[in-house]
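Note sheet for the following structure.
Note that ligands are numbered from 1 as they come in the structure, with each ligand's atoms numbered from 1 the same way. All values below come from the heavy atoms of this structure, side chains included, with hydrogens, waters and symmetry mates left out.
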Amino acid sequence: MRIAVFAGDGIGPEVIGEAVRVLEALGIDGLELVEGDVGGAAYRKHGHPLPPETLDIARSCGAILFGAVGDFSLDHLDRQLRPEQAVLGLRRELGLFANLRPATVFKGLEDLTTLRPEVAAAIDLLIVRELNGDVYFGEKGIRTLEDGRRQGYDIMSYAEDEVRRIAHTGFKAAMGRGRRLCSVDKANVLDTSQLWRDVMIEVSAEYPEVELSHMYVDNAAMQLVKDPGQFDVVVTGNMFGDILSDQASMCVGSIGLLASASLAEGTFGLYEPIHGSAPDIAGKGLANPMATILSAAMLLRHSYQLEAEASRIEAAVSKALADGVRGGDLGGSAGTREIGDAVIARL
Ligand code: IPM
Ligand code: MG
């Protein structure tokens, strides 16, 4: 059970440190953790945000536990050298095409959202975001037109097989939950979305128990705030999923609690908190490590089928929250280490 641990930038090393302590506290046989450099930290050391040695480590492991990347002081670099390229490169190189971002309100935390507590309390949804295609990975550039004007362009496209495989991920996820799948697109304007919708409908024939619906992305943004309890599983493209998953996290009220999985075909996956590197609080021991700890639980479940151990971690986090352990993101004062200790004590 060889797991790559890529801490990255900002609060990454602090939150990863606690998730590693939690994993070690479970006493799993054969657990081996291999560290590697990513993001701005890797750029400073090796001149690249995703050096070849890091990719080699990733390929030699069964899963990756990932902290965060991002460093404003490197934003002047060419795009391919910026910290974010570490996570984009891993997604591309390792075929991590399915991003699972669950959002649920933990009991007792209903007051933390900016929505009305009774609206937020109903949130229990999963965003399944396609991660290998779309405008993110299309041809892009800034060119000069014949009349001398500069033009920026990023081509959006989805091939049918790309849509089909994420459709299957969405339908399977819905089968394991409330059996409702909402596909989010912009088919009233985009041909890419029309194909997306057609393929979703084709694949739905294989999942007669799942109720498929479609929603335009602008309406989905509105519905997420108006009545988020209506959603079970949402499946959408890379760009729309990026935006809607941040929105969903804020509906829950606590970006410091949300974990995510980025899965390849098979059992390989990368697991990371959905929050960023939070440079403003980095190195101060203030960051809430719960999202990373919950990402470690997803890792055990999806890449190693260790359901019991995953549930132990999740129950310990819930218990710590119920007992009033709160990081700064939740209006409390518990530090990174203290929260790690509190979770470990409740395993
Ligand atoms: C995310 C992030 C990334 C993305 C960035 C860091 C490239 O926002 O994982 O949602 O846009 O996918
Ligand atoms: Mg994002």
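Between Glu84 and ligand 1, no pair of N/O atoms sits closer than 3.5 Å.
Heavy atoms of Arg82 come nearer than 4.0 angstrom to ligand 1 in no pair at all. Ligand 1 has Arg129 within reach: a non-hydrogen atom of the residue lies less than 4.0 Å from it.
The Mg ion (ligand 2) has an N, O or S atom of Asp242 inside 2.8 Å of it.
Listed for the Ser60 side chain is a donor-acceptor partner under 3.5 Å among the backbone atoms of Ile57. No donor-acceptor distance shorter than 3.5 angstrom exists from the side chain of Thr54 to the backbone of Leu50, with no hydrogens or angles considered. Counting only distance, with no hydrogens or angles, the side chain of Gln247 and the backbone of Ala221 share a donor-acceptor pair below 3.5 Å.
Closest heavy-atom approach to atom 10 (O) of ligand 1 within the set Asp242, Ile274, Asp246, Val87: this belongs to Asp242.
The ligand atoms of ligand 1 that sit less than 4.0 angstrom from a heavy atom of Arg91 are 1 (C), 4 (C), 9 (O), 12 (O).
Under the ring pair (Phe, Tyr, Trp, His ring centres under 6.0 Å) rule, Trp196 has a single partner from Tyr158, Tyr216, Phe240, which is Tyr158.
Nearest protein heavy-atom neighbour of atom 4 (C) of ligand 1: Tyr136 OH, 3.4 Å. Considering only non-hydrogen protein atoms, atom 1 (C) of ligand 1 sits nearest to Arg101 NH2, 3.4 Å.
Judged by a 6.0 Å distance limit and a 45° cone about the ring axis, Arg92 is not positioned over the six-membered ring of Phe137.
Between the side chains of Ser318 and Glu314, not a single donor N or O lies within less than 3.5 Å of an accepting N or O.
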